[in-house]
Amino acid sequence: MPKNPTGFDHIVVAVHDLEAAAARYTQLGFTLTPRAEHPWGTANHIAQFSNGSFIELLEVDRPHLLSEHAFAASPARFSFGAHNRDFLEAGHQAIAAEGAPGAEGMSMMVYKGEDASADARAFAASGLPTYETFPFERATTLPDGTPARVAFELTFATHPAMPRAAFFTCHNKFPDVFWKPAFQTHANSATGLREVVMAATAPSDYADFAQAVTGVPAQAHDGGIACVHDGQTLSILTPDATAARFDGLAPDLDRGPVFCAIVIDVADAPTNASRALIPAEAAHGLAIAWNG
């Protein structure tokens, strides 16, 4: 029972200082939603796109509220908050020894979901670790300042050799409340996520996993593998291919594959967008390229 192919929902970019990241992404031409808080200890700003995808900038701002993973439970439980805390702490510890600031970057890849339980069954049937689905609600603020609530249910998928990366599907239960045109107009003319890129020493080792997560066969492509559905691509590339495409980008792969870059569609004749690659160090650990 393979997972039905679905489009990109969003990416999670874990950062140490959410407001500093929001200021930087605003400088890069993104319109962001007001700050919102999750009940388990994280907070976000979101850049919504007109194609139904978005970027989530995320900070662990109340670590005392985080729940831990419970992998030995039945069913096992995966903690969104703990994963992002560990992502930031592991990166910080690895780099702090060399006297550099803590690492940030893309920690999670998210596909659209319509039935969390069906996605969990499909992941299990493909041999992936199975976790309890995770429903939650949070407060939001509409463009006119009106408070509202949104609700989601998440289904997680992980790979033991990818401790710094996680995938999940997201069932948005109140899309009419969540999606607002006022948040989807960007100075850089961004219209949506086109490609998400991971770097890995041996991309083909993850072909079966990528196919199970996306529901799309993994094909050899440009120095790695790619799963393509409706024009959106998950790519897993070798270090050489990553460097060639993204101006020498060289992610640390000592602890397994990592997300390292995205490609964003932009409208024709944008009013204030640069076509130059934004290097990872200028966008909180995530290189950004433009398509259009």
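For clarity, every value in this text was computed on a predicted model and none was experimentally measured. We count residues from 1, following the sequence as given.
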Practice item. Could you tell me whether a side-chain N or O of T214 sits under 3.5 Å from a main-chain N or O of V216, the two making a donor and an acceptor? Key: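 Checking the backbone N and O of V216 against the side chain of T214, a donor-acceptor pair under 3.5 Å is found.
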Review point. Do H186 side-chain atoms and N188 backbone N/O form a donor-acceptor pair below 3.5 Å?
Key: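 Judged by distance alone, no pair lies under 3.5 Å.
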**Study point:** Counterpart residues, salt bridge (Lys or Arg N to Asp or Glu O under 4.0 Å), relative to R138 (two or more places apart)
**Key:**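 In terms of salt bridge (Lys or Arg N to Asp or Glu O under 4.0 Å), with neighbours along the sequence ignored, R138 is linked to no residue.
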Give, for atom [atom1] of [X] and atom [atom2] of [Y], the distance between the pair rounded to the nearest 0.5 Å.
X    : Y    : atom1 : atom2 : answer
L193 : I55  : CG    : CD1   : 5.5 Å
W290 : S189 : CH2   : OG    : 7.5 Å
R255 : F87  : CZ    : CZ    : 9.0 Å
F259 : L234 : CZ    : CG    : 7.0 Å

State, without any angle test, whether [X] and [Y] hold a side-chain donor-acceptor pair at a distance under 3.5 Å.
X    : Y    : answer
T238 : D240 : no
T133 : E153 : yes
S107 : N84  : yes

Check your understanding: Charged N to carboxylate O under 4.0 angstrom, E68 versus R85?
Key ->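 A salt bridge is present here (some side-chain N lies under 4.0 Å from a carboxylate O).
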Exercise for review: Using a strict cut-off of less than 4.0 Å between a Lys/Arg side-chain nitrogen and an Asp/Glu carboxylate oxygen, indicate whether K3 and D115 qualify as a salt bridge.
Suggested key: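 Result for this pair is no, no salt bridge flagged.
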Practice item. Determine, step by step, whether Q184 and T31 satisfy the side-chain hydrogen bond (donor to acceptor under 3.5 Å, both in side chains) criterion, reporting the C-alpha distance in whole Å, the side-chain angles of both residues, the deciding distance to 0.1 Å, and the verdict. Key: CA-CA 7 Å; Q184 297 166 26; T31 298; over 6 Å; no
Point to revise | Other ILVMFWY residues reachable from F183 by side-chain steps of under 4.5 Å | key: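 Once heavy-atom contacts under 4.5 Å are chained together, F183 still belongs with nothing else.
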Check your understanding: Where do L249 and T242 land on the side chain to side chain contact (heavy atoms under 4.5 Å, CB included) test, with the steps shown first?
Key -> CA-CA 6 Å; L249 180 64; T242 300; 4.0 Å; yes
Point to revise | Side chain proximity check, E59 to H16, heavy atoms < 4.5 angstrom | key: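 The answer is no; the side chains never approach within 4.5 Å.
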Review point. Going by the side-chain hydrogen bond (donor to acceptor under 3.5 Å, both in side chains) test, which pairs reach into residues 168-181, not counting sequence neighbours?
Key: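 For residues 168-181, and leaving out neighbouring residues, the side-chain hydrogen bond (donor to acceptor under 3.5 Å, both in side chains) pairs sorted by first residue read D119-T169.
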